[in-house]
Structure formats: C-alpha cells, structure tokens
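We name chains A, B, ... by the order of the sequence lines, and we start the count at 1 in each one. What you are looking at is a predicted structure, and each value in this text was computed from that prediction instead of being measured.
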Protein chains: 2
Amino acid sequence: MASETSKSVGFEKHDHGLCLEKAIKAAEAYCDRCNLQFTPLRRKVLEILLEEHRALGAYAVLDLLREAGLGSQPPVAYRALSFLVEHGFAHKIERLNAFVACALPDILHSPAFMICRKCDTVVEAQSPSSSFDLSATASATGFEIEQTTLEAKGVCNSCAEMA
Amino acid sequence: MASETSKSVGFEKHDHGLCLEKAIKAAEAYCDRCNLQFTPLRRKVLEILLEEHRALGAYAVLDLLREAGLGSQPPVAYRALSFLVEHGFAHKIERLNAFVACALPDILHSPAFMICRKCDTVVEAQSPSSSFDLSATASATGFEIEQTTLEAKGVCNSCAEMA
DNA sequence: AACATAAATGATATATTATAACATTACAAG
DNA sequence: CTTGTAATGTTATAATATATCATTTATGTT
Ligand SMILES: [Zn+2]
Ligand SMILES: [Zn+2]
Ligand SMILES: [Zn+2]
Ligand SMILES: [Zn+2]
C-alpha cells in the first residue's frame, strides 16, 4: 500500500540497479535532445553519485574520480557537479554541502529531501513547486522529521521593478 | 489588505525599530525563563543580525564584532551564532552559508524563507511544521520564486530501530 | 566568603568547502 | 586549415567552519 502511494526511495529496499540505469538513460536522452555534452567525466560523476542514495561532498567525489583516473583537482569535480545540478541530474543538499543524484529523473519537480542524520541517507520526495507536505511521505516510510527548512530563491518586487 | 493576511516582513516598508526591539525582548525573556545566559556578546551578535532583513556570513558578523571590540577570532562568532540558532533567535540560510535573525520570535515555526538573489533580502514566511506553501506569501509580496528546496533532517526507520 | 563545578570566552592552529585565473585540448563551423 | 567555443587541466587562493587547549566568568555548595 504505502509503496504504491509513496514515491520515496532510499530508505526501503529496492532494485537499485534500476535507479542507476534509469537515471543514466534519462541524462543521456536529455543531453541528446538539448545538445548538451554528456562527457565521460560528467557521466562518471553521475555514476559516482548514483552508487547510493547518499549525499557525497565534492572532495569525496573527487577522490573517487582520481581513483578512476579522471581528474584530480577540485575544479574538475565542482564543474561536473555544477553541470549535473544545473540540468537537474543531481541536487545539492545545502545543509550537508554535498551532492546527491536526482531520484526522480524525467519528473518536473522542486527538490525536497528527508535526510537521516544517523546514516546520512537522502530520500527525495516528490513535490510540485512551492507547496510541500512531507508528513505523508515521512509517516509512510517511518522517517521521523526533527527539523525542516524551506528556502526559496527568486527576485523580490522592488528588484524586479528596477529592471 | 495584503499586509493584513501576509505575515511576511522585509520586502515591505515597516517600522523596523519594532522588529529589533521585539526580537531582543523576546530573546531576553526566553533566556530568563530558561536560565540561558544572554551575554553581551550574544546580544551584540543578535543586534548585528537584526540590523537588516538580510543574511550575514559568520565572517561579516565577526568584522562587526571586532569593530565593537567584542571578539576577533572565528570561533567567537560561530559560537554566538550557534547559540542563537540553537534557541531559535536566528536561522541559518544554508544556501548562502549565512545567518539571519528570526523574524517571528515567540511563534513556534519551521523556518521558511524567500531569498532575493539580487538584493539578498531574506523574508521569513510563517509556516507550521512539515507543510509549506509559499505561493500565497510570494504573490502577496510580489516575490517571484525561481527555485525552492526543502530539506528535512531526522532519523530514518532503520536507524531508529537500531536504538 | 571559600571552594568546586560548569559555562563562556580567548587564542592558536588547521580542516573543509569553493572559486579565480589562466593554459591546454577537443571539436565543430565556416 | 583557421577560427571560435566548450570542456578539461593546473595552480593558487578564498571563504567557511571546527578542533583544541588556556583563561575567565558565572553558578551553586559548604
Ligand atoms: Zn535506488
Ligand atoms: Zn530530483
Ligand atoms: Zn524589520
Ligand atoms: Zn524564525
């Protein structure tokens, strides 16, 4: 029941190979359509993020890149991560200064996360735009929310008027 | 009209002296009640944050502290800011790595913000716990939301079971 | 008051996260 | 083949945050 209404993934056991494959294919297809270069470096960084539903810091990503022989200096990791975030293949978890692969490729969404402070697992919840209600997803998965923060970036009225 | 239904403050002109006074008094009262030390340093940091509805980085706070002769090393600022955040007198804006005074003292709330990327003004919107809908406040103030992120910290089911 | 304890602050050093700036390579359009 | 553009390589440094230990200040107890 719960698994049919809730779209969350990460706390529950699931075929993670499908997550990975689906995300890579979605990125490939999107880049094709939009004439973006899904280079080996960018693909590798996405694969690294997709290994787990867990957020990785840029330097952790960099270490794994180095092991793979694909770059060894911070800008390499940050640039690939920026690309992935910019095009929605990954998200930055601000409170962790870390990055996670998008768990909802193909679906237009505003990112909303439940972050376990013990195991660092990050679950992405489905959400439309400016309206959020995590309580349903939280109780469906047994996640106990302790603290929530919503941050909306945009342009305020007076700044908009100046332009 | 809008100003009566919307509780947001910061984009609109208002008696900011009241904001400041109210916040300081609320912090004083709360510390009294809870036997917390509202020391000169902590008070000064709150006053610094209260000067504007804008987020300040820890090092900006530190500079102002130094000018006031109240401390000159990073831990001084970070400790005072932690105290303020821990007790709800201020919030951290994660996407800016910066801190803002709470605009809703006395009201139990989960922080929700609208952050102008041009003028860096931070407006705190009233919100209950895990349910958010900024669209009403946004349209009331003429803020155009470009991107929204919700991050909930807590403990997941399997970690809870271990304890 | 004298003492013990805990909390806050001072100070030094260092860790972590992120970007600026410029050189080089890869590749496509003209 | 040149010219422009995007991506990557490389070096250096900026910005944010914390660990650790010393010192001072507040609090509670005898
Ligand atoms: Zn998965
Ligand atoms: Zn996503
Ligand atoms: Zn105000
Ligand atoms: Zn607040």
To the nearest angstrom, how far is [X] atom [atom1] from [N] atom [atom2]?
X	N	atom1	atom2	answer
A/F38	C/dA26	CZ	P	21 Å
A/L96	D/dA17	CG	P	13 Å
B/N35	C/dT5	CG	P	21 Å
B/L41	D/dT24	CG	C1'	14 Å
A/F83	C/dT19	CZ	P	18 Å
A/Q37	D/dT5	CD	C1'	10 Å
A/L81	D/dA7	CG	C1'	15 Å

Dot-bracket assigned to DNA chain C with the 3.5 Å Watson-Crick/G-U criterion, [ ] for crossing and | for other-strand pairs, is ||||||||||||||||||||||||||||||
### Given C/dT17, D/dA26, D/dA7, the nucleotide with the shortest approach to the side chain of A/Y78
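So the nucleotide nearest the side chain must be C/dT17.
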In terms of side-chain heavy atoms of A/R42, which of D/dT8, D/dA17, D/dT10 is nearest?
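So the side chain of A/R42 is nearest to D/dT8.
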- Near DNA chain D, which residues from residues 54-74 of chain B have a heavy atom under 4.0 Å away?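 Here the set is B/Y59, B/P74.
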Of B/T39 and B/P75, the one whose closest DNA chain C nucleotide lies more 5'
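Mapping each residue to its closest nucleotide by heavy atoms, the 5'-most match is B/T39.
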Notebook entry, point to check: In terms of the nearest nucleotide of DNA chain C, which residue is placed more toward the 5' end: A/K92 or B/A80?
Noted result: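 Checking each residue's closest nucleotide, the 5'-ward one belongs to B/A80.
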So B/R79, base contact, sugar-phosphate only, or nothing? Heavy-atom distance under 4.0 Å.
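Answer is base: heavy atoms of B/R79 come under 4.0 Å of a base.
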- Item | A/K44 vs D/dT8: side-chain N/O to OP1/OP2 distance below 4.0 Å |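 For D/dT8, neither OP1 nor OP2 has a side-chain N or O of A/K44 closer than 4.0 Å.
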message: Show the nearest heavy-atom pair for residues B/K118 and A/C159, with the distance to one decimal.
response: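 So the minimum-distance heavy-atom pair works out to CB-SG, 3.6 Å.
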